[in-house]
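Here the structure comes first, spelled out in structure tokens, and everything after it is commentary.
Values in this document were obtained by computation on a predicted structure and should not be read as measured data. When a ligand or atom number is given, it counts from 1 through the structure's own listing order.
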Amino acid sequence: MTAAMKKIAVLPGDGIGAEIVAQALRVLRALAPLGLRIETIEAPVGGTAYELSGDPLPTATLDLARSADAILFGSVGGWQWDKLARDKRPEQAILGLRKALGLFANLRPAVIYDELAAASTLRPELVSGMDVLIIRELTGDIYFGQPRGLRTNASGEREGFDTMHYAESEIRRIARVGFEAARKRQRRLCSVDKANVLETSQLWRDVVTEVAADYTDVALSHMYVDNAAMQLLRNPRQFDVIVTGNMFGDILSDEASMLTGSIGMLPSASLDAHGKGLYEPIHGSAPDIAGRDIANPLATILSAAMLLRYSLGEEKFALSIERAVRRVLQQGLRTADIAQPGETSIGTCAMGDAVVAAVVAAAGERDDA
Ligand code: IPM
Ligand code: MG
């Protein structure tokens, strides 16, 4: 079986980005002898790219991302760049990639591993079995709406303003992603908005309701975002798939991640209309722990699994990685962020070693099965 070689753009970025992406690459490479054919090409992004070229998203990096079949992304940001003009800040790199590549559908699964239920900030009996897929629209909303800016008004006071904006077509396509995903799961879709206050949200609710006519097998509910934030803490297991806008999704996905025990565990996929995607852990660059071999690489390793599933169509290899991660957790291996008081923890590289060993075993099992 000789599948065509797939090209992966590797953009490690800032802070812990390089360390965690390195471990994900080791895991992917461990699958090569089993038939995974990938070529990886690395490029600078974020503050690291700014230091090299004065631009957080250099043209060469964007071109590489455009030409690749998929993008593996680490993280961007750091205090040393926080005072730069907005268009030079590291965050513009990820926002620019999302927009330029049309990566409108952000999939953020928040799944609890039973081994880590004790690490959740909620009681284990509340989170045990939690499996929520948050689908966040990623290229519209107040993140990109115009006009936006800072100005001084007539009375000499400074003002800041941003525009929340959604076109019907943008809502319709993300709603479809939500319904399709729900169909493959428990067929329950909760659309989150703020339709009691915002016009944008009223349109959102109307359009999602229209799309529902094509998915009568999926149970649709609507929830205001403030209530959704509360319900996630009250009873996270009530949710199957949540679909929401860019801003609300940003906030709710961080909240949901913590329920699973650690933001260091959660991967994400940002997809265009054709299955091309950018894959990144949902956590940030954690500059305070960068370079110390203590960051948790599992969110990035799980992002690599999503890459295999959604952009390369390699479901079996994706499952091998996910099974390997479960295996190392079952073995009791923990990085510091997911270790309980009194448990010993291992470093970033050692966690990578463990997953590499487990993934080869997991892939082998599949062949025997
Ligand atoms: C995320 C991050 C980004 C966002 C930042 C880094 C621009 O918080 O991916 O959730 O707000 O989308
Ligand atoms: Mg965020």
Side-chain angles (χ1 to χ4, degrees), residues 11-17 20-21 44-50 55-57 61-62 65 71-110 132-145 148 162-166 170 174 192 225 228-229 232 242-260 262-272 277-288 290 295-296 299-300 302-303 306-307:
L11 314 182
D14 309 324
I16 58 173
I20 55 181
V21 165
V45 76
T48 310
Y50 173 80
D55 185 352
L57 182 56
T61 299
L62 182 56
I71 301 143
L72 184 64
F73 191 93
S75 52
V76 290
W79 51 266
Q80 63 271 55
W81 302 296
D82 282 350
K83 293 275 184 299
L84 292 174
R86 184 161 302 280
D87 66 328
K88 300 289 183 204
R89 290 198 206 163
E91 289 77 10
Q92 289 308 307
I94 185 65
L95 295 173
L97 279 165
R98 289 169 181 171
K99 193 71 178 173
L101 301 182
L103 306 172
F104 71 94
N106 186 209
L107 275 45
R108 297 190 163 187
V132 185
L133 175 61
I134 298 186
I135 299 184
R136 169 189 177 197
E137 200 288 332
L138 207 54
T139 53
D141 204 356
I142 196 166
Y143 269 57
F144 294 97
R148 59 178 282 162
D162 298 272
T163 303
M164 181 174 271
H165 178 278
Y166 266 121
E170 293 175 297
I174 194 72
V192 171
V225 62
L232 271 171
I242 291 176
V243 65
T244 190
N246 203 344
M247 174 85 144
F248 300 154
D250 180 43
I251 299 166
L252 293 180
S253 59
D254 264 33
E255 185 189 355
S257 74
M258 195 58 228
L259 304 183
T260 69
S262 170
I263 197 168
M265 290 299 299
L266 296 196
S268 78
S270 304
L271 305 175
D272 74 1
L278 178 150
Y279 300 83
E280 57 174 328
I282 86 154
H283 60 70
S285 58
D288 52 324
N296 184 349
T300 314
L302 291 167
S303 297
M306 289 186 93
L307 181 157

- Message: Looking at every non-hydrogen atom in both residues, tell me the closest pair between A228 and L252 and how far apart they are.
- Response: CB-CD1, 4.2 Å
- Message: Using every non-hydrogen atom in the two residues, find where I242 and V192 come nearest and quote the distance to one decimal.
- Response: CG2-CG2, 3.7 Å
- What protein N/O/S atoms lie closer than 2.8 Å to the Mg ion (ligand 2)? D250 OD1
- Task: Taking only heavy atoms of the protein into account, state which residues are under 4.0 angstrom from an atom of ligand 1, in chain and number order.
- Result: E91, R98, R108, R136, Y143, D250
- Applying side chain to side chain donor-acceptor pair (under 3.5 Å), name anything that partners S285, two or more places apart in sequence or on another chain. none
- Query: Can you tell if the side chain of D14 reaches within under 4.5 Å of the side chain of P287, non-hydrogen atoms only?
  - Reply: no
When you measure from the side chain of [X] to the backbone N and O of [Y], does any donor-acceptor pair fall under 3.5 Å?
X	Y	value
R148	Y143	yes
D141	M247	yes
E91	I94	no

- Item | Pairs flagged by salt bridge (Lys or Arg N to Asp or Glu O under 4.0 Å) wherever residues 98-108 is involved - sequence neighbours left out | R98-E280
- Query: Salt bridge or not for R136 and D250, using N-O below 4.0 Å?
  - Reply: yes
